[in-house]
Amino acid sequence: MYFEESILPHSDSENVIEINHLKKSFNRNSVLKDISLTVKKGENVVVLGKSGIGKSVLIKCIVRLIQPDAGSLKVFGQEITSMNPEELNELRSKIGFIFQGNALYDSMTVRENLEFPLRRNKILKDPNIIEELIVEALENVGLLDAMHKMPSELSGGMKKRIGLARTLILKPDIILYDEPTTGLDPLTSREISNLIVEIQTKYNASSIIITHDLNCAKITSNRMLILQDGIFIAQGTFDELKNSDDEWVKSYFKVE
Ligand SMILES: Nc1ncnc2c1ncn2[C@@H]1O[C@H](COP(=O)(O)OP(=O)(O)OP(=O)(O)O)[C@@H](O)[C@H]1O
Ligand SMILES: [Mg+2]
């Protein structure tokens, strides 16, 4: 057993994320007006929405990189808006965040990039276990042979996969993906999308996936929501939304 009890995945089927009436403005820019959302254990929820609509703001609120103005935000049943720094750190160790653009540390090898979160969280000291986890994380993304490469030697798709491996190494219960396939060719996007599903199955993790990529949404989502003008205007499965009669909803599925 590698991990302390506190970061083991929860085995119950309750909501792991529960957001109620969340609001966030920046000066006069009212970005999130009334957001309610639940994510269950093992569920992949995709959020669609135009550029600049507040998708990244929403998931940054979940790890409190952004402090919401109002509303309730519970993760594993705990209200995060009132957490102290210690509680917040503990919570963040259970959440993997794949940032938009997802930068690796350029001056570190792939291996060092993967070791970094382990050292920062001070979870492990045994070098054999660290080695095992690095190998497992790289195998998960099919890039074991990239262990000693520098990020500059990797393609965009490989960097994304290493970014994923770096997040997975902490075995998070929740993974927040901010546009995981942006900038990739359709084939690589599909590989990443399939990987997201594999991770969901293997770890029974819960995820919010922000994407503009309909193929990614189709492959990864159990449920989808569309964010527009500060609220969710629709939710349903990919097929339900795709076949919606609502003109706004339809507009997200139009392929030029
Ligand atoms: N820290 C901040 N301070 C002020 N305004 C911000 C901040 N973060 C985001 N915003 C504003 O909030 C709005 C939503 O931004 P956000 O990054 O969430 O968009 P997005 O939906 O993720 O867009 P994209 O698809 O382009 O990534 C934008 O108008 C942005 O300028
Ligand atoms: Mg964004």
Side-chain angles (χ1 to χ4, degrees), residues 17 19-39 44-73 75 80-81 83 85 88 92 95-104 156-157 159-161 163-164 166-167 172 174-186 188-189 192-193 196 206-221 223-236 238 241-242 246 248-256:
I17 300 175
I19 301 175
N20 277 301
H21 304 297
L22 186 76
K23 293 183 179 55
K24 180 66 194 174
S25 299
F26 297 101
N27 300 317
R28 292 214 188 120
N29 182 10
S30 177
V31 177
L32 303 177
K33 292 176 183 160
D34 186 4
I35 293 291
S36 296
L37 165 71
T38 57
V39 182
N44 273 356
V45 173
V46 163
V47 174
L48 282 185
K50 283 185 295 188
S51 194
I53 211 80
K55 305 179 300 297
S56 295
V57 168
L58 171 62
I59 56 171
K60 283 179 186 166
C61 285
I62 297 173
V63 281
R64 238 181 72 187
L65 288 173
I66 290 178
Q67 175 74 31
D69 299 330
S72 154
L73 216 164
V75 181
I80 70 139
T81 48
M83 275 185 181
L88 206 52
R92 283 177 180 157
I95 303 180
F97 201 125
I98 313 277
F99 284 97
Q100 200 166 355
N102 132 55
L104 300 174
K159 281 187 200 159
K160 291 250 183 203
R161 284 195 276 165
L164 254 177
R166 187 175 59 183
T167 302
I174 296 173
I175 309 172
L176 307 173
Y177 296 92
D178 201 345
E179 302 197 12
T181 63
T182 303
L184 302 178
D185 67 86
T188 313
S189 294
I192 298 276
S193 306
I196 292 172
S206 314
S207 297
I208 297 180
I209 302 145
I210 287 175
T211 187
H212 293 285
D213 173 353
L214 287 177
N215 287 323
C216 172
K218 184 172 186 180
I219 293 170
T220 59
S221 64
R223 194 155 54 87
M224 289 175 53
L225 295 109
I226 298 180
L227 181 61
Q228 188 170 302
D229 298 330
I231 58 166
F232 287 125
I233 58 156
Q235 75 156 308
F238 182 90
L241 293 188
K242 191 170 182 230
D246 184 286
W248 277 116
V249 176
K250 272 189 191 170
S251 68
Y252 286 90
F253 290 86
K254 279 191 186 132
V255 183
E256 313 284 331

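Atoms within a ligand are numbered from 1 in the order they appear, just like the ligands themselves. Just so you know, these numbers use all the heavy atoms, side chains as well, and skip hydrogens, waters and symmetry mates. Because the structure is a prediction, the values reported are computed rather than measured.
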task = Please report which non-hydrogen protein atom sits nearest to atom 12 (O) of ligand 1, along with the residue it belongs to and the distance in Å to one decimal place.
result = V31 CG2, 3.4 Å

ask   = Nearest protein heavy-atom contact for atom 18 (O) of ligand 1: which residue, which atom, what distance?
value = V57 N, 2.9 Å

task = Look at atom 25 (O) of ligand 1 and say which protein heavy atom is nearest, naming residue and atom and giving the distance to 0.1 Å.
result = K55 NZ, 2.7 Å

key: 4.5 Å side-chain heavy-atom contact, I175 and I196   = no

Nearest protein heavy atom with distance in Å, relative to atom 17 (O) of ligand 1 = S56 CB, 3.6 Å

request  = Without swapping roles, check the side chain of S206 against the backbone of I174 for a donor-acceptor pair under 3.5 Å.
outcome  = no

request  = Report yes if some heavy atom in the side chain of I35 is under 4.5 Å from a heavy atom in the side chain of L227; otherwise report no.
outcome  = yes

ask   = If we only count heavy atoms from C-beta on, is the I19 to I62 side-chain gap below 4.5 Å?
value = yes

Note, P180 side chain near L164 side chain (heavy atom, < 4.5 Å) = no

key: Top protein contact for atom 23 (O) of ligand 1, by heavy-atom distance   = G52 N, 2.7 Å

message = Checking side-chain polar atoms at under 3.5 Å, does T220 have a donor or acceptor matched by the opposite partner on N44?
response = no

request  = Answer side chain, backbone, both or neither: which part of L227 comes under 4.0 Å from ligand 1, heavy atoms only.
outcome  = neither

key: atom 30 (C) of ligand 1 protein-contacted (non-hydrogen atom, under 4.0 angstrom)   = no

message = Measuring only between side-chain heavy atoms, which start at C-beta, is I192 closer than 4.5 Å to C216?
response = no

message = Please check: side-chain N/O of K24 versus main-chain N/O of Q67, any donor-acceptor pairing under 3.5 Å?
response = yes

Any N or O of I66 closer than 3.5 Å to N or O of ligand 1 = no

task = Please tell me if the side chains of H212 and K55 come closer than 4.5 Å, counting only heavy atoms from C-beta onward.
result = yes

note = Any heavy atom of I53 under 4.0 Å from ligand 1? The part involved is both

remark   = shortest atom 26 (O) of ligand 1-to-protein heavy-atom contact is with S51 OG, 2.4 Å

task = Identify which protein N/O/S atoms are less than 2.8 Å from the Mg ion (ligand 2).
result = S56 OG, Q100 OE1

Whether E179 lies under 4.0 Å from ligand 1, heavy atom = yes

query = Which of the atoms in ligand 1, numbered in the order shown and given with their element, are less than 4.0 Å from a heavy-atom of K50?
reply = 21 (O)

inquiry  = Any heavy atom of G49 closer to ligand 1 than 4.0 angstrom?
reply    = no

request  = Report yes if the side chains of P68 and C61 come closer than 4.5 Å at any heavy-atom pair, otherwise no.
outcome  = yes

task = Return yes if some donor-acceptor pair links the side-chain N/O of T211 with the main-chain N/O of D213 below 3.5 Å, else return no.
result = yes

key: atom 27 (O) of ligand 1 [closest protein heavy-atom partner, distance rounded to 0.1 Å]   = Q100 NE2, 2.8 Å

request  = Number the atoms of ligand 1 from 1 as they appear, then name those within less than 4.0 Å of a heavy atom of H212, with their elements.
outcome  = 25 (O)

request  = Say whether, by atom type as modelled, one donor and one acceptor occur between the side chain of N20 and the main chain of S72 under 3.5 angstrom.
outcome  = no

query = Quick one: nearest non-hydrogen protein atom to atom 1 (N) of ligand 1, plus distance?
reply = F26 CE2, 3.8 Å

query = Between R223 (side chain) and Q235 (backbone), is there a donor-acceptor pair under 3.5 Å?
reply = no

query = Between L214, I210, I209, L241, which is the residue that forms a side-chain contact (heavy atoms from CB on, under 4.5 Å) with L48?
reply = L214

